[in-house]
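Notes for the one structure printed next.
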Amino acid sequence: MSSINSEITSQVKMEASWKELLQNEFSENYMQDLGEFLRQEKRQGKIIYPRASQYFSALNLTPFANVKVVILGQDPYHGPGQAHGLCFSVAPEISPPPSLVNIFKELSTDLSISAPEHGCLVSWALQGVLLLNSVLSVEKNQAASHQGKGWEQFTDKVIAKLNEHAEHIVFMLWGSYAQKKGGFIDSSKHLVIKAPHPSPLSVYRGFFDQKPFSRANEYLLNNQKSPIQWQLPPRNIAIEQFQQAQQINLKIYK
C-alpha cells in the first residue's frame with residue numbers, strides 16, 4: 001500500500017474488522033469523489049442525515065464476525081430526527097414510519113410478537129442483524145438526493161465481503177431494488193429471503209405472510225447459530241441501547 005493510501009486508510013473511522021476488509025475502497029476514485037461531494041454539500045449549508053458519525057453505524061454496531069442476518073434498505077429517512085445509520089430504524093422517541101409499521105405487523109403475524117412501543121432497532125443490530133442501507137446519507141427533505149454518488153458501490157462491497165468470506169448468513173431482500181442489489185449472493189452458502197418492499201405502496205403485493213423472521217431463526221439454528229430475539233425491548237431499554245450505540249459511534253469517530 002502506498003504512503004498516500006496508508007494515510008487515507010488511517011483517517012477512516014470505522015469498526016476494526018470492517019475497516020480491515022474495506023480499507024482499500026477508501027483510496028478508490030469513487031470514494032474520493034463521494035467524500036468531496038459530501039464536503040461540498042456541507043459547505044453549501046445543506047443539512048445531511050444522518051450525522052457523519054453515524055454514516056457507518058450499521059457496520060460499527062455489527063462487526064463482520066457477528067453478522068447473522070442482513071436486512072437491506074435503500075436510503076436513510078430524510079425527515080428531522082429519523083435517520084441514525086440503521087435501515088428502517090428510528091430513534092426511540094420518533095414514531096415508526098409506515099414501512100416499519102408494516103414490518104412490525106409481519107413480525108406479529110410470524111412470531112406472535114406484539115407491536116413495540118418504539119421503532120428503534122438497535123437491539124437487532126447488537127445481536128448480529130446488519131441493518132444496511134444501500135445509500136448512507138441524504139439531504140434533509142430531499143429523498144434519494146445522494147443516490148448515484150458512490151455509496152452504492154461501497155455497500156456492494158460490504159455485501160460481497162459477506163457473500164465471499166462468511167457462511168450461513170440470512171439475507172432479507174425486500175423489494176426489487178434490494179433484490180437486484182443482492183442478485184449475486186450465493187444461495188448455496190446463504191439463505192436469501194425475497195419479498196415485496198414493506199412500503200404502503202407495495203406491501204400488499206406479497207410482503208405479508210412470508211414469515212421471514214421465523215425462517216431466519218430456523219436457518220440459524222440449523223447451522224449451529226443462536227437465533228435472533230426479534231422482540232424489541234421496552235422503550236426505556238431501547239433508549240439505553242440507542243445511547244450505547246451513539247457512544248460506540250462517537251468513540252470510533254473521534
Margin query: Given 3.5 Å as the limit, does a donor-acceptor pair link the side chain of Ser202 with the main chain of Pro198, or not?
Written below: no
Item checked: Inter-residue atom distance Lys161.NZ - Glu20.CD, 0.5 Å rounding -> 10.0 Å
Next item on the list: Would you check if Leu130 and Phe64 make a side-chain contact, meaning some heavy-atom pair closer than 4.5 Å?
Entry: no
Check: Is the side chain of Gln127 donor-acceptor paired with the backbone N or O of Gln229 at a distance under 3.5 Å, no angle test?
Finding: yes
Notebook entry, point to check: Do Ser89 side-chain atoms and Leu86 backbone N/O form a donor-acceptor pair below 3.5 Å?
Noted result: no
Note to self: When you measure from the side chain of Ser199 to the backbone of Ser99, do you find a donor-acceptor pair of N or O atoms at a distance under 3.5 Å?
What the structure shows: no
Note to self: For residues Leu107 and Val70: do they belong to one hydrophobic cluster (side chain heavy atoms under 4.5 Å, members Ile, Leu, Val, Met, Phe, Trp, Tyr)?
What the structure shows: no
Margin query: If you compare all heavy atoms of Leu34 against all heavy atoms of Gly150, which two are closest, and at what distance to 0.1 Å?
Written below: CD2-C, 4.3 Å
Next item on the list: Give a yes or no answer on whether the side chain of Gln247 reaches the backbone of Gln243 with a donor-acceptor pair at less than 3.5 Å.
Entry: no
Next item on the list: State whether the side chain of Gln246 and the backbone N or O of Phe242 hold a donor-acceptor pair below 3.5 Å, judged by distance alone.
Entry: yes
Notebook entry, point to check: Heavy atoms, side chains only, cut-off 4.5 Å: are Glu152 and Val135 in contact?
Noted result: yes
Item checked: Min side-chain heavy-atom separation Gln142-His78 under 4.5 Å -> no
Notebook entry, point to check: Step by step, would you call Phe208 with Asp110 a side chain to side chain contact (heavy atoms under 4.5 Å, CB included)?
Noted result: CA-CA 9 Å; Phe208 293 129; Asp110 186 1; over 6 Å; no
Item checked: Minimal non-hydrogen separation, Lys211 against Ser214, with atom names -> O-OG, 3.4 Å
Margin query: Could you report the tightest heavy-atom contact between Pro76 and Ser137, atom names first, then the distance?
Written below: CG-N, 3.6 Å
Next item on the list: Evaluate the side-chain proximity of Ile169 to Leu191: yes if any heavy-atom separation is below 4.5 Å, no if none is.
Entry: no
Checklist line | Under 3.5 Å: donor-acceptor pair, side chain of Ser108, backbone of Ile113 | finding: yes
Notebook entry, point to check: How about His84 and Tyr77: are their ring centres within less than 6.0 Å of each other?
Noted result: no
Notebook entry, point to check: Between Gln40 and Glu36, do the side chains contain an N or O donor and an N or O acceptor separated by less than 3.5 Å?
Noted result: yes
Note to self: What I'd like to find out is whether the side chain of Glu41 reaches to under 4.5 Å of the side chain of Ile48, using heavy atoms alone.
What the structure shows: yes
Check: Considering all heavy atoms of both residues, which atom of Val138 and which atom of Ala144 are nearest to each other, and what is their separation?
Finding: CG2-N, 4.0 Å
Next item on the list: Taking only Lys NZ, Arg NE, NH1 and NH2, and the carboxylate oxygens of Asp or Glu, determine whether Glu164 and Lys157 approach each other closer than 4.0 Å.
Entry: no
Next item on the list: For the pair Gln179 (side chain) and Ala195 (backbone), establish whether a donor and an acceptor sit closer than 3.5 Å, ignoring hydrogens and angles.
Entry: yes
Next item on the list: Show your working on side chain to side chain contact (heavy atoms under 4.5 Å, CB included) between Glu93 and His118 and close with a plain yes or no.
Entry: CA-CA 7 Å; Glu93 69 274 10; His118 60 86; over 6 Å; no
Note to self: Applying ring pair (Phe, Tyr, Trp, His ring centres under 6.0 Å), can you list everything that pairs with Phe88, at least two apart in sequence or on another chain?
What the structure shows: Trp174, His197
Check: Taking the six-membered ring of Phe37, is NZ or CZ of Lys149 closer than 6.0 Å to its centre and within 45° of its axis?
Finding: yes
Next item on the list: Measure across Asn163 and His190 and return the closest heavy-atom pair with its distance rounded to 0.1 Å.
Entry: O-NE2, 3.1 Å
Next item on the list: Test Ser57 against every option in Asn133, Asn249, Thr62 by the side chain to side chain donor-acceptor pair (under 3.5 Å) rule and name the one that passes.
Entry: Asn249
Item checked: Nearest heavy-atom neighbours spanning Arg235 and Glu117 -> NH2-O, 2.5 Å
Next item on the list: Report yes or no: does Lys140 contribute a side-chain atom to a donor-acceptor pair with the main-chain N or O of Lys46 at less than 3.5 Å?
Entry: no
Checklist line | Donor-acceptor contact below 3.5 Å, side chain Glu106 vs main chain Asn102 | finding: no
Check: With a 4.5 Å limit on heavy-atom distance, are the side chains of Asp75 and His146 in contact?
Finding: no
Item checked: Any donor-acceptor N or O pair under 3.5 Å, side chains Tyr49, Glu139 -> no
Check: Within a strict 4.5 Å, meaning less than it, do heavy atoms of the Ile228 and Phe213 side chains meet?
Finding: no
Next item on the list: State yes or no: are the ring centers of Phe154 and Phe56 separated by less than 6.0 Å?
Entry: yes
Check: Is a side-chain donor-acceptor pair under 3.5 Å present for Ser17 with Glu15?
Finding: yes
Item checked: Side-chain heavy atoms of Ile193 within contact of Arg215, under 4.5 Å -> yes
Notebook entry, point to check: When Phe171 is tested against each of Ile71, Ile185, Leu72, Val69 for side chain to side chain contact (heavy atoms under 4.5 Å, CB included), which residue passes?
Noted result: Ile185
